[in-house]
Amino acid sequence: MADAKPLSMPVGATGVLVLASGEILWGRGFGAEGDAVGEVCFHTAMTGYQEIMTDPSFAGQIINFTFPHIGNVGANPDDIEADDPHALGMIVRQDVTEPSNFRSTEHLDAWMAKHNRIGLSGIDTRALTRRIRLGGAPNGVIAHSKEGKFDLDALLEKARCWPGLEGMDLAVTVSCETHFGWEGGVWKLGAGYDTSRPETKRPQVVAIDYGSKRNIFRNLVQAGADVTVLPATATFEQVMAFNPDGFFLSNGPGDPAATGEYAVPVIRQLLETGKPLFGICLGHQLLGLAVGAETTKMFQGHRGANHPVKRLEDGAVEITSMNHGFAVERESLPANARETHVSLFDGSNAGIELTDRPAFSVQYHPEASPGPQDSLYLFERFVGMMA
């Protein structure tokens, strides 16, 4: 497939993926019409496509799903991590079928169109995944036209001109605009989201939103904390005005070094307070930068719900959900930062904790519950440190 450059459009094609290398993949479009440019990556999860599409960490990316049957359970208002999708589009093998699930309230095609997101079906997603795995995540344009009209030269130019995620700060584009208090716990079958609020005093967490997933806040509440969310650009003074017992650094998109230009000085001040701090994904990378470590863009990022991670403390293996294209370099960790978790896929760093501060972070997403509960102890540990 790497050398395929078809000159003519197949009969019935209404969608196309144009890579910056010049490769052209024809398919059938669904969802919104138009085009979008970004980084093309693959995701290995078999379920949770709606959560994945609405994860702010996927801003600037087009997702190639390795599982062929995407859309078969439809869409609903509960399975979202943000009000709108942040992934630019999705690529799937099979056409989206009519939903077959008692929780479905909407066809995925209609949901994608409503949120102005482009889908492309009929693609050999295994071949595309192999191309990404061997060559790295390419820049590309996904396009949909019901009439099958495409300006391939213009799409190729757009793909080649897009600068890529390295050096790009996307956290400010997906963060909340003002502070708010989070309410509500985790979802339960037959009951929906838990909205009960205990009357007893609870530890106060200030969460800095670099592109957070809602289920993180729900799990913090479930573990026994009250949560106030602040924008990514919040200052140290703005954080401390809420008199928090601890700090949370959220996940988010883009290059951590770029976000770190304004985030790292604040995190260093937060560490000096001696109060507990917990980071996930981008928050993990930013904590690493704050203590002097380095982050680099991975040749092949981690995106899936089946990633084994070894906990070095006792050798236990957690099945985790991951979504990151940058990583903390273990060789750059300072003496006061101890590695706690490693990926069993490629040996990359997946967690750190400080030896002189009550601060720790993980590269994966414990709130996604792929294990399903292998990593929920991290929320309880954080809340316990504050108590």
Side-chain angles (χ1 to χ4, degrees), residues 56-57 171 205-213 215-217 219-220 223 225 227 232 239 244-257 259-260 263-296 298 301-302 307 309-313 318 320-343 348-368 374-386:
S57 295
V205 175
V206 164
I208 303 181
D209 175 19
Y210 302 111
S212 57
K213 296 172 65 179
N215 214 40
I216 292 176
F217 302 147
N219 276 275
L220 286 171
V227 180
V239 173
D245 298 302
F247 317 105
F248 175 76
L249 310 179
S250 87
N251 62 292
D255 189 335
T259 303
V264 163
V266 174
I267 296 170
R268 287 173 176 163
Q269 290 178 289
L270 298 178
L271 290 172
E272 289 301 315
T273 68
K275 296 183 177 184
L277 183 148
F278 176 31
I280 288 176
C281 201
L282 178 60
H284 162 73
Q285 298 159 4
L286 292 174
L287 176 60
L289 290 172
V291 298
E294 298 177 357
T295 59
T296 56
M298 305 171 73
H302 292 170
H307 286 247
V309 165
K310 184 177 181 179
R311 189 168 63 209
L312 299 180
E313 180 182 41
E318 302 171 31
T320 73
S321 177
M322 288 195 178
N323 171 22
H324 64 106
F326 294 81
V328 174
E329 292 294 325
R330 68 163 51 86
E331 294 79 8
S332 67
L333 289 171
N336 67 328
R338 181 175 71 89
E339 185 173 49
T340 58
H341 299 76
V342 296
S343 165
S348 59
N349 173 262
I352 62 173
E353 68 177 1
L354 303 189
T355 59
D356 59 350
R357 297 284 191 281
F360 69 100
S361 60
V362 292
Q363 182 62 78
Y364 52 94
H365 284 267
E367 83 291 340
D374 297 14
S375 307
L376 295 184
Y377 71 91
L378 293 166
F379 295 104
E380 297 170 354
R381 175 189 178 192
F382 175 52
V383 174
M385 291 167 67
M386 292 184 289

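- The shortest heavy-atom contact between Pro366 and Val362 is CD-CG2, 4.2 Å.
- A donor atom on one side chain and an acceptor atom on the other are not found under 3.5 Å apart for Gln285 and Tyr210.
- Expressed to the nearest 0.5 Å, how far OG1 of Thr295 lies from CG of Asp255 amounts to 6.0 Å.
- Checked against side chain to side chain donor-acceptor pair (under 3.5 Å), Asn349 has the following partners two or more places apart in sequence or in another chain: His284, Glu339.
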Go through Tyr364 and His302 one step at a time and tell me if the side-chain contact (heavy atoms from CB on, under 4.5 Å) criterion holds.
CA-CA 9 Å; Tyr364 52 94; His302 292 170; over 6 Å; no
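- Looking at heavy atoms from C-beta onward, Ile280 lies in side-chain contact with Glu367 at the 4.5 angstrom threshold.
- In terms of the salt bridge (Lys or Arg N to Asp or Glu O under 4.0 Å) criterion, Glu331 has no residue partners (sequence neighbours excluded).
- Between atom CG of residue Leu277 and atom CG of residue Leu271 there is a gap of 5.5 Å, rounded to the nearest 0.5 Å.
- Under a 3.5 Å cut-off, the side chain of Thr320 and the backbone N or O of His307 do form a donor-acceptor pair.
- Across all their heavy atoms, Ala359 and Met385 have their closest contact at N-CE, 4.3 Å.
- Scored by the side-chain contact (heavy atoms from CB on, under 4.5 Å) test, Ala225 finds Val205, Val383, Met386 as partners (sequence neighbours excluded).
- The shortest heavy-atom contact between Gly274 and Pro358 is O-CG, 3.2 Å.
- Two residues are said to be in side-chain contact when any heavy atoms from C-beta on lie closer than 4.5 Å; Phe247 and Ile208 fail this criterion.
- By the 6.0 Å contact criterion, NZ on Lys310 is open, its count of non-hydrogen atoms from other residues, nucleotides or ligands being 12 or less.
- Summarising the local packing, CD of Glu294 is surrounded by 12 or fewer heavy atoms from other residues, nucleotides or ligands at distances under 6.0 Å.
- We find the CD1-CG distance between Ile352 and Leu333 to be 6.0 Å, quoted to the nearest 0.5 Å.
- Counting all heavy atoms, side chain and backbone alike, Val291 lies closest to Ala337 at CG2-CB, 4.5 Å.
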After noting the C-alpha distance and the side-chain angles of Arg311 and Glu318, does the key distance pass the side-chain contact (heavy atoms from CB on, under 4.5 Å) rule?
CA-CA 7 Å; Arg311 189 168 63 209; Glu318 302 171 31; 3.4 Å; yes
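- Under the salt bridge (Lys or Arg N to Asp or Glu O under 4.0 Å) criterion, Arg381 pairs with Glu353, sequence neighbours left out.
- Scanning for side-chain contact (heavy atoms from CB on, under 4.5 Å) contacts around Thr296 gives Glu329, with sequence neighbours left out.
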Please lay out, stage by stage, how Phe360 and Thr340 fare under the test side-chain contact (heavy atoms from CB on, under 4.5 Å).
CA-CA 9 Å; Phe360 69 100; Thr340 58; over 6 Å; no
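- When every heavy atom of His365 is checked against every heavy atom of Asn323, the shortest pair comes out as CD2-N, 4.2 Å.
- Between Phe278 and Phe382, the two ring planes are tilted [angle within 30° to 60°].
- Side-chain contact between Leu270 and Lys275: absent, with no pair of heavy atoms (C-beta onward) separated by less than 4.5 Å.
- Every residue meeting the side-chain contact (heavy atoms from CB on, under 4.5 Å) condition with Pro253, not counting sequence neighbours, appears here in chain and number order: Ala59, Leu170, Val174.
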